[in-house]
Each structure stands twice: as structure tokens, then as C-alpha cells.
Amino acid sequence: MPTATGEKVWIIPDGYIPEQSSGTLTSHESICVLNTAAEAANLELTIFFEDREPIEEILEIVPGRRTRHIRTSSLANQAGNKIPLGVPYAIEVRSDIPVVVQYSRLDSTQAENALMSVMAFPIK
């Protein structure tokens, strides 16, 4: 049976969804999660801000032996709270089993698009 690889807690300290995009591509960010285990990984995300209370209890599932690319602009908790555009934030990803987390940002605010992808920081 395939086993879980990675860690249960990951931190992404630099999040930002631009308010505007140019051209045909929309600026966006994704949390990329790899689940190598046979069972599903149940994720709980918390979004932290500089000047307001966190958005807590955002729940996502990554099926066993799958990867998911979760757009941060689509995240919402049960109360419907979403990440506002143009506001810096950070993300904590907690999983009930070890997973691997990567973060990607496409910035299309100007004609010369920029794509950034980094590994999240694992907490042991």
C-alpha cells in the first residue's frame, strides 16, 4: 500500500492576488498539493493578514495518489469569507496525513508576465 510522503503542516508566508491583470491571462496563485498515500488527505487552511483577523477553517480534500492545484482566489470558509484582492497574506496548510505543498503565482499585471513557483516551508 502506498505511504504518505511529506509533512502535515506547511507555511506559505508570501501571498498576494493582484487586483488587475493585463492581456488574456488572469493573475492568480495556486497551492499545489501532492498526496502519495492511498487515502485522501483532509486539509485545513488558515489565511493570515497584516491588519485583520485570519480566515480560518477552509477545508479542502486531496484524493489518495493524486495532486490538486487549488486556486487561492477560489478558497472560502463555511461563512463564505474569501481572500481579498490586492491584500498581502500568508497561508498555513494543515493535513491529517503527510503531503507535499508547492506554491505558484502568475503575475500578469503587465504585458511581461511573471511566473513564480516555490516549495512551501514544512514544519516538522
Side-chain angles (χ1 to χ4, degrees):
M1 178 173 287
T3 59
T5 303
E7 296 293 339
K8 291 184 176 183
V9 180
W10 295 82
I11 301 294
I12 301 165
D14 178 32
Y16 185 81
I17 306 170
E19 295 179 80
Q20 298 180 3
S21 299
S22 66
T24 59
L25 296 174
T26 302
S27 294
H28 67 273
E29 299 176 314
S30 292
I31 303 166
C32 311
V33 182
L34 171 62
N35 178 9
T36 61
E39 69 268 22
N42 297 293
L43 308 180
E44 182 174 341
L45 289 78
T46 301
I47 310 301
F48 294 93
F49 299 98
E50 295 175 347
D51 61 353
R52 60 191 84 187
E53 290 300 308
I55 300 174
E56 299 181 279
E57 299 179 1
I58 299 172
L59 306 177
E60 297 288 334
I61 297 173
V62 182
R65 310 281 295 155
R66 298 288 184 267
T67 185
R68 278 207 49 215
H69 293 72
I70 305 165
R71 288 245 181 136
T72 58
S73 60
S74 70
L75 294 174
N77 65 8
Q78 294 291 338
N81 298 316
K82 298 182 84 170
I83 300 170
L85 301 179
V87 175
Y89 65 93
I91 306 167
E92 177 187 66
V93 179
R94 290 188 172 271
S95 177
D96 62 340
I97 62 172
V99 294
V100 176
V101 178
Q102 180 179 336
Y103 168 78
S104 299
R105 177 188 296 160
L106 173 66
D107 184 342
S108 64
T109 54
Q110 48 189 324
E112 298 78 21
N113 295 324
L115 179 64
M116 172 187 82
S117 185
V118 297
M119 292 303 297
F121 185 80
I123 305 297
K124 297 183 185 257

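You'll find the side chain of L43 reaches within 4.5 Å of the side chain of I70, heavy atoms only. P98 places none of its side-chain heavy atoms less than 4.5 Å from the side chain of E7. With a 4.5 Å cut-off on side-chain heavy atoms, L75 and I31 count as touching.
For E29 (side chain) and Y103 (main-chain N/O), no donor-acceptor pair under 3.5 Å exists by modelled atom type. Of the possible polar contacts, none joining the W10 side chain to the S95 backbone as a donor-acceptor pair under 3.5 Å is found. Checked by atom type and distance alone, the side chain of K82 pairs as donor or acceptor with a backbone atom of S73 at under 3.5 Å.
Linking Ile, Leu, Val, Met, Phe, Trp and Tyr whenever their side-chain heavy atoms come within less than 4.5 Å leaves I11 and V93 in two separate clusters. Taking hydrophobic clusters as Ile, Leu, Val, Met, Phe, Trp and Tyr residues chained together by side-chain heavy-atom distances below 4.5 Å, L85 shares a cluster with F49. When hydrophobic clusters are built by joining Ile, Leu, Val, Met, Phe, Trp and Tyr residues whose side-chain heavy atoms come closer than 4.5 Å, directly or via intermediates, V9 is not grouped with I58. Residues V87 and Y16 are members of separate hydrophobic clusters, defined by side-chain heavy-atom contacts under 4.5 angstrom among Ile, Leu, Val, Met, Phe, Trp and Tyr. In the hydrophobic clustering of ILVMFWY residues, with side-chain heavy atoms under 4.5 Å counting as a link, V118 and I47 come out together.
Separating the CZ atom in F48 from the CD1 atom in I55 is a distance of 11.0 Å, to the nearest 0.5 Å. Distance check, rounded to the nearest 0.5 Å: CZ of R94 to OG1 of T46 gives 7.5 Å.
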Could you check V101 against I12 for side chain to side chain contact (heavy atoms under 4.5 Å, CB included), going step by step and ending with a plain yes or no?
CA-CA 9 Å; V101 178; I12 301 165; 4.2 Å; yes
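Residue pairs meeting the side chain to side chain donor-acceptor pair (under 3.5 Å) criterion with at least one member in residues 35-44, sequence neighbours excluded: T5-T36, N42-D96. Residue pairs meeting the side chain to side chain donor-acceptor pair (under 3.5 Å) criterion with at least one member in residues 47-64, sequence neighbours excluded, are E60-R68.
In terms of heavy atoms, S117 sits closest to S104 at OG-OG, 3.2 Å. For the pair A4 and I97, the tightest heavy-atom approach, listed with the atom from each and the gap, is CB-CB, 4.5 Å.
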